[in-house]
Structures are given as C-alpha cells and as structure tokens.
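What you see is a predicted model; the values in this text were computed from it and never measured. Below, chain A is the first sequence line, B the second, and so on; all start at residue 1.
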Amino acid sequence: MRILYLDTSSSFLYAGIVEDHKLLASCKKNLFHELSKEALPEIIQLFEQTHLAPRQIDKIIVVDGPGSFTGIRVGITIAKVYAWSLHIPITTISALEAMMISSKSKGNHVPMLDARREYVFAAIYDEENRQILSPQHIKLRDLLQKLEEKTYVAITNDSIELPISKESYDPDILKIVETYQEKEEIPVHAVNPNYLKKTEAEEKKG
Amino acid sequence: MKDIYILGIESSCDETSVSIIKNGCEDIATVISSQIDIHKEYGGVVPEIASRCHVENITFVLEECLEKAHMTMEEIDAIAVTYGPGLIGSLLIGLEAAKTLAYLYQKPLIPIHHIAGHIYANSLVKPLEFPLIALIVSGGHTELVEMKGHFEFQKLGGTLDDAIGECYDKVARVLDLPYPGGPKLDQMALLGKNTYPLPVPLKEDRYNFSFSGLKSAVINLAHKKAQQKEPLRKEDLATSFQKVAVESIVSKTKKALLDKNIQHLIVAGGVAANQGLRKEITAMAEEIGVDVSFPPMKYCTDNAAMIAAAGYYAYNLGIRAYYDLNSESSTSLC
C-alpha cells in the first residue's frame, strides 16, 4: 500500500510517500510566502524521486487544519482534486494530532499553534495519547487553566510564551502515516478544511 | 483538423466555474456555482468566505461539468485557468486545481488573465476581427484596449480611480438597492427622468475614465436632500447618474475608435450586461459605422467559458505555464 501524506497548514510543506512501512521520499521545507506556487512542484519531485506515477498511490492523507487558512486550502485543494479525479481513497488528519503523534517525549502533550490575539489552536492528549481536549480555537489563558493538575509538554514551533516545557515539532511522517493509514476514507467532496474558527465577518454578524 | 477541447477554470471572485469549450467557440458544458446569496448578507463579497466556498465547491463543479459534457479528463487537450487579477485566496483554489489536473493528466497548463477572458467571451458568439477595440467594464475594471491580433493587447486608457461597476454598486447603496445593486440601478434608471445635474467626469483626458467624482456627487446630493428633508426622487437620480456614467464611457470609446480608425468594437465584463450602456454603445457604433459585439448575457459575468475560449487561442499560440504558476491579485493585461 502506497500512501501520499500532505501537510500545508503552516508555511512549511511536509509531504511524503510511504510504502509498506518505509518512507520512500519526503519533503520538509519552509516555503514562506511561496507555498501556493511551490507546493505542487515539490510534490512532483517526490514522484520523480520514487519513479512512481500519481496513479500508483493507494491512499491520500491530508492535514485539514488548523493553521494558516490559505495554506490549508492549498493542500486540501491539491489533495481533493487528486483523489477525486483518480478515484483514490482520501482521509484527513488534524495538524495537532500529527504533532502529537510525532512527539519524541513521553507524558501528557499539548500541541498548539499561535492563533494570534491571545488565542491558540490546541488539543490536549494524555500519556496514552488519548484525546482529553479536542482540537479547538481557545484563549491561551483558558487552555493553561485546564493544565493545572498534571505535567504537560507543549509541542509547538511558534514563539508562544508558556509556563510549561516545550518541544519543537518535527513531523515523523512515517509514524503519522502508519497511525492513520487504516482510518476510514472520507467521501472526496466532503474533504474540506477544518479551520476551527469562523471568519471575522461571520463572527461580527454573530 | 483535430478538434481542440479546453477545460477552463475560473475562481477569481465569488463564482466557482468550470467549462469545456470546443475550438474556442462551442460551449460543450459550463457550470457556474455562484456565492451571491451568501455574500448578499454582508453587503458585498467577503474574501475569506469566498475562498472557503471555492474549496468546498471545486470538485463538485469539476464533476458536474465533465458529466454535463459526457467527457473524461483524458479527452481534454489543455487546461486554462485564471491566474489574476482577483481575490488572491479565491484565485488560488482554481489555480491549484488546474495545476494538479494538468500534472495528473500531463496536459498543457495555460495561464489566462481575467480581462483577456472577458474579451474572449465575445469569441463564443463570433470570431474576433482585428484590429479591434475592446471596452472592458466590470466591478474591478474600466479599460479601453486595442488588439491587433490574438493576445496582442495594447492598453489605451483606464480608470484613474473607481471601476464603473464599483461606482454603480456604491451609488445603488445610496439608493437603498440591495447588493449587488448595479443591475437593479440599471433597471431603476429606465423608470426616471434625467433631472439632477451631475458632473461629467474627465471630459478632456484622452481615453482615461474617472468615476469617484461622479459617485461623490451622487452621495452628496442624497445627503443634502436628507438634511434639507427634501424628498429624493430615486428613479430620477438613477436615470441622471446612468446618463452621465454611460455618456462618459461612450464618448471615450467613440474617440478611441475614430482616432485609431478601427471598425470593430467589442464590449466585455459584467457591466456589459447593462441595458443603458448597450443601447448607447449600439447607437454610437451605428452612427460611426462600427461593428459592435456584446457577449451574451450569460458570458458577461464571471464564468469559465470565457477562460476556456481565451485558452484555445493562447493554446494555439503556444502560451504555457509550468506547475509553479502563482496567482496574482493585481496584474495588468499589457
């Protein structure tokens, strides 16, 4: 089984092709403001490196958020158009879940992303990797209150000031794919970004 | 000669559209998913909402278009896509979809400027005849462009401030017409009389337009009437505004046609659907013996048929983009 993994939820492109528990090729690159321009050419490189054709992929796993709204849309659009046109099963994974899976430390984890204005996108996992708090857009102060009873490690690449220890995020693409490869496929038209936040216009409207 | 089928994708504002056009002129299938009802609630297009809708719609629209055409991606010769100008987040969805399809099916990728698309909407009715002058009137543009051949654009003039469609929408708001007010203002103008004196914009400047002064004059007039508690005859104001706005466009277009001695005029863009403008342009063209072409109503507003039509001629000229094509929010045609 060959799986394509794709995460464009930050300015980094994280992508890889996994075949039978082996990472055949991968890309971890900060594309800064060039993500929309360079994401597809970088994915094409993976196919060239592995001498595989897009049709030889059996499943696509794409990160559906949270993170950069534009970034998420780039990855989701590529992945869903790909899956739709070649009839390839597709499923999604939360960026926060991918962060937790990639963690190298043991214990309770709080993957988080800076959502600005004192907010973060975060989720809480216990030492068995069970989800205690589902991925959400939450005020940092409120999140920290939920962490008072136990010791937690935050996973983030953003410069968020925190009273708990921090671990930086380096995706373990093989581990993410192995954890998610059996996840049920999603009807392709329903594969959409999970922003976890309404647009400002919708918020103002109430 | 082999028939050429171009798949066009357009997502520059609030319409997700996919179309398949044969040989640059025959509409095999066109699907347009409009978000107008969503944005109406906000009084205008909200860019982030538009981008969110595009990503939700894109595969539905692609699928419906291919089904309607009874075609598969393998039968398509090339993929044309609007790369700009427009809302950057919206453009990106069509662009990524087009790039992905072009790669998966190894089809040429053709970058199309949105305004070129509007111009080529006319080739869905009859082939463009050169040299011609294209008058582009839309929510974002008011331009006069000279063309000596396919994809040879020479800008003669443009708006120095607001686009005509933008001006219509803003004036419509003053007249309490719901978004999008431009077409409703056009209807209202049929009912009134030209009684309010309004300033004629940029009388002297060669081919350039200006509509912000006219817009301000209407807003000030309405404001003054409200302050003086005098009734505002909305129909008359609509008629007076339309008369000045249309006259400004028609006179500059006429000047360009005469100065350049050009026999063919094509009108393009969303405001090409304006009845008042159509009538006056047609009369002017008749007067000076110029052949004028308006795209059918359905091709006036944003659609992918015009992108695919333009894509056909670009394809024949060998215009191609690589997979690193990016969208551009503001980019000039020439």
Side-chain angles (χ1 to χ4, degrees), chain A residues 4 6 8 31 33-48 53-57 60 62 64-65 68-88 90 187-195 197-206, chain B residues 7 9 11 16 18 38-39 41-64 66 72-74 76 79 81 83 87-107 109 321-329:
Chain A
L4 173 71
L6 180 58
T8 58
L31 297 174
H33 295 296
E34 302 280 86
L35 185 79
S36 60
K37 183 171 180 269
E38 297 296 342
L40 187 69
E42 291 291 345
I43 295 166
I44 293 171
Q45 288 273 316
L46 299 181
F47 287 110
E48 285 174 1
R55 284 178 194 279
Q56 292 174 287
I57 293 294
I60 297 170
V62 62
D64 66 353
S68 147
F69 295 166
T70 301
I72 302 165
R73 283 192 284 267
V74 167
I76 290 279
T77 304
I78 293 173
K80 82 191 274 193
V81 168
Y82 185 158
W84 164 77
S85 69
L86 299 184
H87 307 285
I88 292 170
I90 182 168
V188 69
H189 296 308
V191 172
N192 284 313
N194 193 4
Y195 304 101
K197 188 179 179 299
K198 283 184 178 176
T199 63
E200 277 178 34
E202 287 166 307
E203 278 171 358
K204 273 184 200 153
K205 200 167 147 265
Chain B
L7 179 111
I9 302 180
S11 69
T16 319
V18 175
I38 297 162
H39 298 287
E41 294 182 34
Y42 300 92
V45 177
V46 181
E48 177 60 23
I49 294 180
S51 308
R52 290 184 177 200
C53 291
H54 283 303
V55 73
E56 286 167 20
N57 291 340
I58 188 71
T59 48
F60 281 116
V61 178
L62 280 164
E63 187 168 283
E64 196 183 326
L66 286 168
T72 61
M73 277 306 300
E74 283 82 0
I76 299 295
I79 295 160
V81 64
Y83 69 93
L87 300 172
I88 194 80
S90 291
L91 286 163
L92 275 177
I93 308 303
L95 186 91
E96 293 299 339
K99 293 202 308 188
T100 304
L101 288 173
Y103 170 62
L104 295 177
Y105 293 92
Q106 295 294 301
K107 305 288 182 188
L109 177 66
Y322 185 62
Y323 304 122
D324 65 354
L325 178 66
N326 207 355
S327 52
E328 294 175 48
S329 59

[X] portion near chain A, given a 4.5 angstrom heavy-atom threshold:
X	value
Val55(B)	both
Tyr42(B)	side chain
Gln106(B)	neither
Ile88(B)	neither
Leu325(B)	backbone

Exercise. Relative to chain B, which of Val74(A), Ile43(A), Ile76(A), Val188(A) shows the most heavy atom pairs under 4.5 Å?
Worked result: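 So the answer, after comparing Val74(A), Ile43(A), Ile76(A), Val188(A), is Val74(A).
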For this session: With rounding to the nearest 0.5 Å, note down the distance linking CG in Leu7(B) to CE in Met73(B).
Result: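 If I round to the nearest 0.5 Å, the distance is 5.5 Å.
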Problem set entry | CZ on Arg73(A) to CG on Leu35(A), rounded to 0.5 Å |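 Between atom CG of Leu35(A) and atom CZ of Arg73(A) there are 12.0 Å.
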Let me know if [X] has heavy atoms under 4.5 Å from chain B in its side chain, its backbone, both or neither.
X	answer
Thr70(A)	side chain
Glu200(A)	neither
Lys205(A)	side chain
Lys198(A)	backbone

Problem set entry | Lys/Arg-Asp/Glu bridge criterion (N-O < 4.0 Å) met for Glu48(B), Arg52(B) |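 Salt bridge between Glu48(B) and Arg52(B), a charged N being under 4.0 Å from a carboxylate O: yes.
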Exercise. Is the closest basic N to carboxylate O distance between Lys197(A) and Glu202(A) below 4.0 Å?
Worked result: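 No, this pair does not count.
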Problem set entry | Residue pair Thr77(A) / Thr100(B), side-chain heavy-atom distance below 4.5 Å |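 Of all side-chain heavy-atom pairs linking Thr100(B) with Thr77(A), none is under 4.5 Å.
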Exercise. Among Leu62(B), Leu95(B), Leu101(B), which has the most heavy-atom pairs under 4.5 Å with chain A?
Worked result: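 The option with the most such pairs is Leu62(B).
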Exercise. Asn57(B), Leu66(B), Ile49(B), Thr72(B): which one forms the most heavy-atom pairs within less than 4.5 Å of chain A?
Worked result: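 Result: the option with the highest number of such pairs is Ile49(B).
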Problem set entry | Partner of Lys80(A) under side chain to side chain contact (heavy atoms under 4.5 Å, CB included), chosen from Val62(A), Ile60(A), Asn192(A) |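 Single pass found, and it is Asn192(A).
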Problem set entry | Neighbour count above 12 (heavy atom, 6.0 Å) for Lys107(B) NZ |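 Yes.
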Exercise. Where does the angle between the aromatic ring planes of Tyr82(A) and Phe47(A) fall among parallel (under 30°), tilted (30 to 60°) and perpendicular (over 60°)?
Worked result: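 Rings of Tyr82(A) and Phe47(A): tilted, as their planes differ by 30° to 60°.
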